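Here is the structure we will look at, set down as structure tokens.
Just follow the structure's listing: the first ligand is 1, and inside any ligand the first atom is 1. Not measured: the values here are computed from a predicted model. Residue numbers run from 1 in the order of the sequence given.
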Amino acid sequence: MEHQIVVLIHLICAVLFVGAVAMEVLIFEPVRKIMGDEIFQKVEFYLFRQIRRTYPLAIIPLYVTGFYMYFGHVENLGGFDAFIATTFGQLLTLKMAFALGLLTIFAGSPFFFMHHRQTTLGGRVRHFLIVTGGPEDFRIGRFELIHYMALGFGLCIVIIAKLMFVL
Ligand code: HEM
């Protein structure tokens, strides 16, 4: 029962996270052509800033529950050596590697997407936490590459998550 609740929290957070990335690629990117780059840059900046400020609420429980279950499986299988010898353990570890890749994209996004002018450590931490600067600092040239990569990672994670139970 407890395990099922942890899985449920993990799944809800996963849907929220990958859903936001899918919305950016499938809905927002095509709308760019209609609204033009100037408006797109402004809207995308405010959207990105809001996502960056709100999404830790989903991402922190997603990764906490993920690692909690990961180490639970390692323990159940009698230690890391026995765990990694199984196909389940290998796929779960691969899924974790993809998930850490996606987390790196999310965590680094204020620096990938924005021209930031902060030179002090405090300024960089502030930018990391709340995204400082304005719409003119948003690099729309990087929008497609980073979002396509993030969606690719997200889909691989979900596919591996299901494969690990059937292979
Ligand atoms: C973007 C990040 C992530 C996404 C989208 C994601 C998605 C999923 C999905 C869809 C499942 C299948 C659940 C089911 O059908 O029962 C799952 C299961 C699982 N995930 Fe994640 N996950 C993510 C991050 C992580 C991380 C970082 C870990 C830690 C290593 C992790 C560990 C697990 C484990 C152990 C299960 C198996 C649950 C069970 O025992 O039933 N996940 N995940």
Side-chain angles (χ1 to χ4, degrees), residues 1-32 43-114 124-125 127-131 138-140 142-167:
M1 180 63 187
E2 186 217 289
H3 180 75
Q4 289 312 319
I5 292 170
V6 177
V7 173
L8 181 65
I9 296 169
H10 191 71
L11 271 179
I12 291 171
C13 296
V15 168
L16 288 172
F17 189 19
V18 181
V21 182
M23 194 280 285
E24 292 268 6
V25 171
L26 299 175
I27 308 296
F28 206 55
E29 218 276 312
V31 170
R32 176 179 180 172
V43 178
E44 176 56 22
F45 166 73
Y46 288 114
L47 208 71
F48 163 67
R49 196 176 67 174
Q50 195 58 42
I51 289 175
R52 199 61 182 66
R53 289 178 180 181
T54 309
Y55 264 73
L57 286 176
I59 289 167
I60 294 168
L62 174 62
Y63 284 77
V64 169
T65 51
F67 280 106
Y68 174 77
M69 292 188 295
Y70 183 89
F71 290 110
H73 283 295
V74 171
E75 207 178 300
N76 282 346
L77 286 169
F80 189 75
D81 288 348
F83 167 78
I84 206 68
T86 64
T87 310
F88 176 79
Q90 288 158 10
L91 286 173
L92 183 52
T93 305
L94 182 65
K95 172 183 181 300
M96 177 183 73
F98 273 105
L100 290 177
L102 188 54
L103 184 63
T104 306
I105 296 178
F106 182 80
S109 59
F111 301 96
F112 302 148
F113 277 129
M114 303 285 292
R124 290 204 176 111
V125 170
H127 183 61
F128 173 78
L129 292 174
I130 60 166
V131 181
F138 189 79
R139 302 172 193 252
I140 47 169
R142 297 184 174 181
F143 176 86
E144 282 180 26
L145 177 71
I146 296 177
H147 281 98
Y148 279 109
M149 259 174 64
L151 186 59
F153 271 64
L155 291 177
C156 287
I157 294 166
V158 174
I159 292 166
I160 298 169
K162 292 323 290 181
L163 278 181
M164 66 194 196
F165 289 112
V166 291
L167 288 183

Can you list the residues that meet the side chain to side chain contact (heavy atoms under 4.5 Å, CB included) rule with Tyr46, with sequence neighbours excluded?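 Expected list: Lys42, Arg49, Pro135.
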For Met96, give me all partners under side chain to side chain contact (heavy atoms under 4.5 Å, CB included), at least two apart in sequence or on another chain.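 Partners of Met96 by the side chain to side chain contact (heavy atoms under 4.5 Å, CB included) criterion, ordered by chain and then number, come out as Phe67, Tyr70, Thr93, Leu100.
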Heavy-atom distance to atom 27 (C) of ligand 1: which of Phe17, Tyr63, Phe98, Tyr68 wins?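 Looking at heavy atoms only, the winner is Tyr63.
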Could you tell me the residue and atom name of the protein heavy atom closest to [atom], and the distance to it rounded to 0.1 Å?
atom	value
atom 16 (O) of ligand 1	Val7 CG1, 3.6 Å
atom 39 (C) of ligand 1	His3 NE2, 3.3 Å
atom 34 (C) of ligand 1	Leu92 CD1, 3.6 Å
atom 40 (O) of ligand 1	His73 NE2, 2.6 Å
atom 37 (C) of ligand 1	Met164 CE, 3.5 Å
atom 15 (O) of ligand 1	Lys162 NZ, 2.5 Å

Would you find a donor on one side and an acceptor on the other, under 3.5 Å apart, between the side chain of [X] and the backbone of [Y]?
X	Y	result
His127	Pro110	yes
Thr54	Ile51	no
Arg52	Ala107	yes

Taking ring pair (Phe, Tyr, Trp, His ring centres under 6.0 Å) as the test, write out the residues that go with Phe106, two or more places apart.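 Testing Phe106 for ring pair (Phe, Tyr, Trp, His ring centres under 6.0 Å), a comparison that skips the adjacent residues, returns Phe17.
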Atoms of protein origin (N, O or S) under 2.8 Å from atom 21 (Fe) of ligand 1: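 Near atom 21 (Fe) of ligand 1, the protein supplies His10 NE2, Lys95 NZ.
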How about Phe138 and Leu47: do any of their side-chain heavy atoms sit closer than 4.5 Å?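 Answer no - side chains too far apart.
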If you count heavy atoms of other groups shown closer than 6.0 angstrom to CZ of Phe153, is the number above 12?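 Above 12, so yes.
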Quick check: closest heavy atoms across Lys95 and Ile157, and the distance to 0.1 Å?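 So the two residues come closest at CG-CG2, 3.9 Å.
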I need the minimum non-hydrogen distance between Leu62 and His10, along with the two atoms involved.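 Where Leu62 meets His10 most closely, the heavy atoms are O-ND1, 3.1 Å.
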Indicate the ring-plane relationship of Phe128 and Phe111, choosing parallel, tilted or perpendicular according to the 30° and 60° boundaries.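 Phe128 and Phe111: parallel rings.
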Distance under 4.0 Å to a non-hydrogen atom of Leu102: what atoms of ligand 1 satisfy this?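 Answer for ligand 1: 1 (C).
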Is ligand 1 under 4.0 Å from a heavy atom in the side chain of Leu11, in the backbone, in both, or in neither?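 Answer for Leu11: side chain.
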Contact between ligand 1 and Phe165 is defined here as a heavy atom of the residue under 4.0 Å from a ligand atom; is it met?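 So Phe165 counts as touching ligand 1.
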